[in-house]
Protein chains: 2
Amino acid sequence: MSWSIAEVARDSGVTARTLRHYHAIGLLVPERIAANGRRYYASQQLLRLQRILLLRELGLGLDAIADVLARQDNQSTVEVLERHKAWLLREQQRLGRLVRTVESTIENVRSGGEMAPEKVFEGFEHNPYEAEARERWGDAVVDAGYERMRNWSGTDAEKARTGYGRVHERLAVLKAEGAEVHDLSVQEMIQLHYEVTSLFWTPTAEAYRGLGQLYVDDARFTEAINADPTVATYLRDAMNVYADEHLSD
Amino acid sequence: MSWSIAEVARDSGVTARTLRHYHAIGLLVPERIAANGRRYYASQQLLRLQRILLLRELGLGLDAIADVLARQDNQSTVEVLERHKAWLLREQQRLGRLVRTVESTIENVRSGGEMAPEKVFEGFEHNPYEAEARERWGDAVVDAGYERMRNWSGTDAEKARTGYGRVHERLAVLKAEGAEVHDLSVQEMIQLHYEVTSLFWTPTAEAYRGLGQLYVDDARFTEAINADPTVATYLRDAMNVYADEHLSD
DNA sequence: ACTTGAAGCTGCCGCAACGGCAGCCTCTAT
DNA sequence: ATAGAGGCTGCCGTTGCGGCAGCTTCAAGT
């Protein structure tokens, strides 16, 4: 008893195209190929196809399926399935993280996507970066920052308004002049940057590095820094050096 | 101020190849292309690249990214992100289902992958299909089946041992003769099949259809039925007719 | 015997997002 | 003048087929 490709297709639910493909890659070779080139499948092939489709439903790739069907012992089949399961779990977790990131991005766009760049560094409260900050460093840090702002002196407020701007301008010049990120002149500006930041909150070494990366990652920060977006990378690298030298983990 | 492709690559962390690709598909066109064909990017492009990379990290496809960047309003950006989030959640759930299926398949292979085909229909207990059955119809049904087996009479046991075999043989003949699945002669055999099955448990219409599909899906069942695997499809179709006509949902 | 429709066949392109060549060109520095 | 670094344009490969085009073959009806 043997079946034509269309019969097998009807019976198994896959298309004839798929069967030809499986033949082409050697996954399911017909029992017999007639002189006119037509494929004929016997019951053996149908059973193999059934196993292929089972494994395919589990999400295995065709080469992994070929692997399982090649070695007949159950032990290695279980191993392949275990590996596959582990992969599925990792993927699932990754998607979960993506969902959370997308959610926080939606929040971000909703609340502050429209904000003008020049307003970026005007403080934390009702600021679109609040969500970002809470996401990155937790509620306690942000709330502590608010508390601190309430106790600012006049010079503190002045420093907060103009401090970052001065840092960015000087850094752009220093970078243009070819200064390395670990040069003293650069690190002095980072020192100022750190002091201004400390008006809001006291970053750990890790958080400070995270802030530097945020400048690079987030277009709104980068735009606010300067006409030259590569200054963000430069700033981040310099902040990393500063964290290495002055902050403890 | 403009940057060469290598500078942009270093600064952004993507490869030059990727930047050329983005140019090729029109996602990120350099500000200027020199007479010698070299690409030069300005700050505007760097900012756009940054947004591209943010969206890419969220798992969006490049065309979706282009879409978001094209329409500048926040409303439609949020819509795209919401759709993307919904997709991520669906994918995550799908992977979760796959994990469970793989787990039950592993169980199945571990416990019964070696079983000889002729032993397939010898009852449920310590049978590799037990896991399958519990997966499909729940513990209550399987446990009730065991209870029922304990009360079998001698003729019941005989019927259980030989009943399925007779059904399969007759069906193969009827199929070869060209009988339709709704023909009386076929449905009489399905009636017997249903009676034998009822020795173990009383399937609802849905469960009976599920059992039919299982014959088609699982190679071990198909092998056990007959040398001709298409009989499984035939049996399933006939069982569906029987369920339609005699069983209520 | 002839025609026609259904089914089969073999390529080849396309998808997503690039990686990795090959082969050639160009710039800068010594 | 030469060398090395960086740039360029194709083109193939990845995964699992779908969807053609263009040709052949088969079974059935007239």
Side-chain angles (χ1 to χ4, degrees), chain A residues 2-41 45 49 51-69 84 87-88 91 94-95 98 178, chain B residues 2-41 45 48-49 51-69 80 84 87-88 91 94-95 98 178:
Chain A
S2 67
W3 295 270
S4 73
I5 196 167
E7 286 166 341
V8 175
R10 203 173 333 106
D11 208 67
S12 65
V14 305
T15 68
R17 184 69 187 77
T18 299
L19 291 172
R20 288 194 199 100
H21 181 58
Y22 288 174
H23 183 193
I25 64 175
L27 181 60
L28 182 68
V29 179
E31 183 214 18
R32 189 169 67 81
I33 297 180
N36 54 26
R38 302 199 166 188
R39 297 167 175 82
Y40 291 97
Y41 298 83
Q45 282 74 48
L49 175 57
R51 295 205 164 89
I52 290 170
L53 296 181
L54 167 66
L55 294 168
R56 193 181 70 165
E57 267 185 45
L58 301 183
L60 274 85
L62 296 188
D63 52 349
I65 293 176
D67 209 49
V68 168
L69 295 182
H84 183 55
W87 180 83
L88 286 172
E91 270 300 289
R94 194 177 66 84
L95 291 182
L98 279 183
Chain B
S2 67
W3 296 269
S4 74
I5 195 166
E7 286 166 341
V8 175
R10 204 174 330 108
D11 208 67
S12 64
V14 305
T15 67
R17 184 69 186 74
T18 299
L19 291 172
R20 290 194 198 100
H21 180 58
Y22 288 175
H23 182 192
I25 63 174
L27 181 60
L28 182 68
V29 179
E31 182 214 18
R32 188 168 66 82
I33 296 180
N36 55 26
R38 301 196 169 192
R39 296 167 175 82
Y40 291 98
Y41 299 82
Q45 282 74 47
R48 185 179 169 91
L49 175 57
R51 295 206 164 89
I52 290 170
L53 296 182
L54 166 67
L55 294 169
R56 194 180 69 164
E57 268 186 43
L58 301 183
L60 275 86
L62 296 189
D63 52 349
I65 293 176
D67 208 50
V68 168
L69 294 182
V80 170
H84 183 56
W87 181 82
L88 287 172
E91 271 298 290
R94 194 176 66 85
L95 291 183
L98 279 183

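Chain identifiers are assigned alphabetically (A, B, ...) following the order of the sequence lines, protein sequences preceding nucleic acid strands; residue numbering begins at 1 within each chain.
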Presence of [X] side-chain N/O under 4.0 Å of [N] phosphate oxygens OP1/OP2:
X	N	value
Arg20(B)	dC8(D)	yes
Ser4(B)	dG6(D)	no
Thr15(A)	dC17(D)	no

For this session: Using a heavy-atom cut-off of under 4.0 Å over every strand shown, decide if Tyr40(A) touches base, sugar-phosphate, or nothing.
Result: nothing
Exercise. If you look at every strand shown and take non-hydrogen atoms under 4.0 Å, does Ile5(B) touch a base, only sugar-phosphate, or nothing?
Worked result: sugar-phosphate
Exercise. Looking at Arg94(B) and Glu91(B), does any basic side-chain N land under 4.0 Å from a carboxylate oxygen?
Worked result: yes
Rounding to a whole Å, what distance do you find between [X]:[atom1] and [N]:[atom2]?
X	N	atom1	atom2	answer
Tyr41(B)	dG6(D)	OH	C1'	14 Å
Leu19(A)	dG16(D)	CG	C1'	13 Å
Leu49(A)	dC17(D)	CG	C1'	15 Å
Asn36(A)	dC23(D)	CG	P	19 Å
Glu57(A)	dG16(D)	CD	P	15 Å
Ile65(A)	dC17(D)	CD1	P	8 Å

Exercise. Along DNA chain C, 5' to 3', what are the outermost nucleotides having an atom less than 4.0 Å from a heavy atom of chain A?
Worked result: dA7(C) to dC12(C)
Problem set entry | Most 5' of Leu60(B) and Glu7(A) on DNA chain C, judged by nearest nucleotide | Glu7(A)
Problem set entry | Side-chain heavy-atom pair Val8(B), Arg39(B) within 4.5 angstrom cut-off | no
Exercise. Any side-chain heavy atom of Leu28(A) within less than 4.5 Å of one from Gln45(A)?
Worked result: yes
Exercise. Taking the side chain from His84(B) and the backbone from Ala64(B), do they hold a donor-acceptor pair closer than 3.5 Å?
Worked result: no
Problem set entry | Arg48(B) side-chain N/O to Leu27(B) backbone N/O, donor-acceptor pair under 3.5 Å | yes
Problem set entry | Qualifying residue for side chain to side chain contact (heavy atoms under 4.5 Å, CB included) with Ser12(B), from Thr18(B), Ile52(B), Leu49(B) | Leu49(B)
Exercise. Could one point to a donor on the side chain of Arg17(A) or the base of dG19(D) with an acceptor on the other under 3.5 Å away?
Worked result: yes
Exercise. If you check the Arg38(A) side chain, which of dG18(D), dG6(D), dT25(D) turns out closest?
Worked result: dT25(D)
Exercise. Say you draw a straight line from CG of Leu19(A) to CZ of Arg17(A); how long is it, rounded to the nearest 0.5 Å?
Worked result: 10.5 Å
